[in-house]
Protein chains: 2
Amino acid sequence: MATQVGDVHEDAARRVAVPARSGARPIPQASAARLSRYLQVLGDLTTRTVSSADLARRAGVTSATLRKDLSFVGPCGTPGVGYEVEALIGQVSQVLGVHRRYRVALAGVGHLGQALAGYPGFTGRGLTIAALFDADPERIGGTVAGLQVHDIADVATVCRAADVAIGVIATPAGAAQQVAEALVDAGIRSILNFAPAALDLPADVQVRRVDLALELQMLAFHETHREPAGSAGGAVVVRR
Amino acid sequence: MATQVGDVHEDAARRVAVPARSGARPIPQASAARLSRYLQVLGDLTTRTVSSADLARRAGVTSATLRKDLSFVGPCGTPGVGYEVEALIGQVSQVLGVHRRYRVALAGVGHLGQALAGYPGFTGRGLTIAALFDADPERIGGTVAGLQVHDIADVATVCRAADVAIGVIATPAGAAQQVAEALVDAGIRSILNFAPAALDLPADVQVRRVDLALELQMLAFHETHREPAGSAGGAVVVRR
DNA sequence: GGTTGTGAATGTTTTCACAGCT
DNA sequence: AGCTGTGAAAACATTCACAACC
């Protein structure tokens, strides 16, 4: 796309607007992300019921936010009592689609890739690492976390055979775009990118990006702009 | 409870409201995060100037967003021409506080920890990995990425000696809370948490959390709720 | 011609506050 | 009394659209 008509339509981003039948409600992006976290916290609980205040504290959000989030799941608590843990896990899982399993391809088996391959939290969340790829001949053919490492050149064949739906890029930045294109060619339309590079892909491919350095820099930014002690609210101000 | 500034707008308590002297403007959280990204992209540029449209495309945002973000930095472009790369890098760096160096302690030297320790992008962004810790006797005393691995029990001593300001937790979930408390005891007030656990810390400690499984699950969520082909807008709908 | 900088408009997310249920 | 569920308000963020400028 080479649209250069002012600012109009540069990015065919995702618009979430919904006709929605009666009884159906769209779940905001932000709420969906937190629901996943509640699920995680709920799993560690040992009590039979839990209040919004308690669950919220454990998840690191306010109780108002939590109740609003759960309102998208549907009525699932008992006024005066709280939420039944077991039942809530079931309902949230249902909404997040955890019952559905997705097979994941992981490109790049360096330290980060191996950390991901060995990550324990995937299975319980509907995710299965199904294929590993690398470009390094030293690593190709070896096994990591019980899986064989394939040549990145075989992405299309292997991914189609393994019915992969989601791709993860844990390669160096220089290889990211090329690998991403190969994944898309293999029919993958959801990509998680750990490489510090922006990917240029068709609009219907969903890309999430995790930038490790960026997260640290955000901490540094706040450290720099920490309010002078005594002030009530945190402030981020710059003189021009 | 500590301020949990998560990836996807999950924030319990951030007040950015400021009397602010004339000429000063608060930088929104979201803009600050993107500014860091622009800085990264600018570094890869070889041209002398760049337009908002071009820079935006490389960073994966719209040009309107980019110009708005840069407006917080101050007027820094030339109408009809664009931004001078060199100068822009300087101004954005200034605002983000990249000139100031922060020393980082990394707890947990498993695959993820080693990936972080070896990450090339830190130095250029004002960050220095200054100390490594682990609880495994096998790893203590060894070296990773040219740094000695200390016993996690020595966090306080080593961190104070090394003047560490930021802590990173890359341990298993079970150890996270304990390690976090040790870091706080060592005087650290900014923590990046990779363990899939919520940290309960004093309110003045800033915590950012990166949950690898959550990022994947968000992709899966969208995959599940992909619009039926033919419909124009993407919709996320759940029946109740 | 082309591009920036920004007020205004729109869209999204969080917080408030309270009716209504147990 | 205690707690949920939710409409309404507030805060926050993005996008539009255009005047001002080169």
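Chain A is the first sequence line, chain B the second, and so forth, proteins listed ahead of strands; every chain is numbered from 1.
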Using OP1 and OP2 only, check whether a side-chain N or O of B:Thr62 sits under 4.0 Å from D:dT15. yes
Between B:Thr78 and D:dC22, does any side-chain N or O lie under 4.0 Å from OP1 or OP2? no
Pairwise 5' ranking along DNA chain C for A:Arg67 and B:Cys76, keeping only the more 5' one: B:Cys76
A:Glu84 has an atom CD; how far is it from atom P of D:dT4, in whole Å? 14 Å
Return yes if a side-chain donor-acceptor contact under 3.5 Å exists between B:Thr224 and A:Tyr102, otherwise no. yes
Which whole-number value in Å describes the distance from A:Gln29 CD to C:dT14 P? 11 Å
What's the CZ-P distance between A:Arg25 and C:dT13, to the nearest Å? 14 Å
Looking at B:Asp69 and B:Arg67, does any basic side-chain N land under 4.0 Å from a carboxylate oxygen? no
Test: A:Arg189 and A:Asp204 ion pair at under 4.0 Å: yes
Between CD1 of A:Ile27 and C1' of C:dT14 the distance, given in whole Å, is 17 Å
So which nucleotide from C:dT4, C:dG20, D:dT14 ends up closest to the side chain of B:Arg34? D:dT14
From NZ of B:Lys68 over to P of C:dG5, roughly how many Å is that when rounded to an integer? 12 Å
Taking CG from B:Asp69 and P from D:dT15, how many angstroms apart are they, rounded to a whole number? 10 Å
Roughly how far, to the nearest 0.5 Å, is OH of A:Tyr38 from CG of A:Leu66? 4.5 Å
By nearest-heavy-atom nucleotide on DNA chain C, the more 5' of B:Gly77 and A:Ala64 is B:Gly77
Can you measure B:Phe72 atom CZ to D:dA13 atom C1' for me and round it to whole angstrom units? 9 Å
Taking CG from B:Leu66 and C1' from D:dC16, how many angstroms apart are they, rounded to a whole number? 16 Å
Are B:Tyr83 and D:dC22 close enough that a side-chain N or O sits under 4.0 Å from OP1 or OP2? no
Side chains of B:Arg103 and B:Thr128 only: does a donor on one sit below 3.5 Å from an acceptor on the other? no
Check whether any side-chain N or O of A:Thr65 sits under 4.0 Å from OP1 or OP2 of C:dT14, and answer yes or no. no
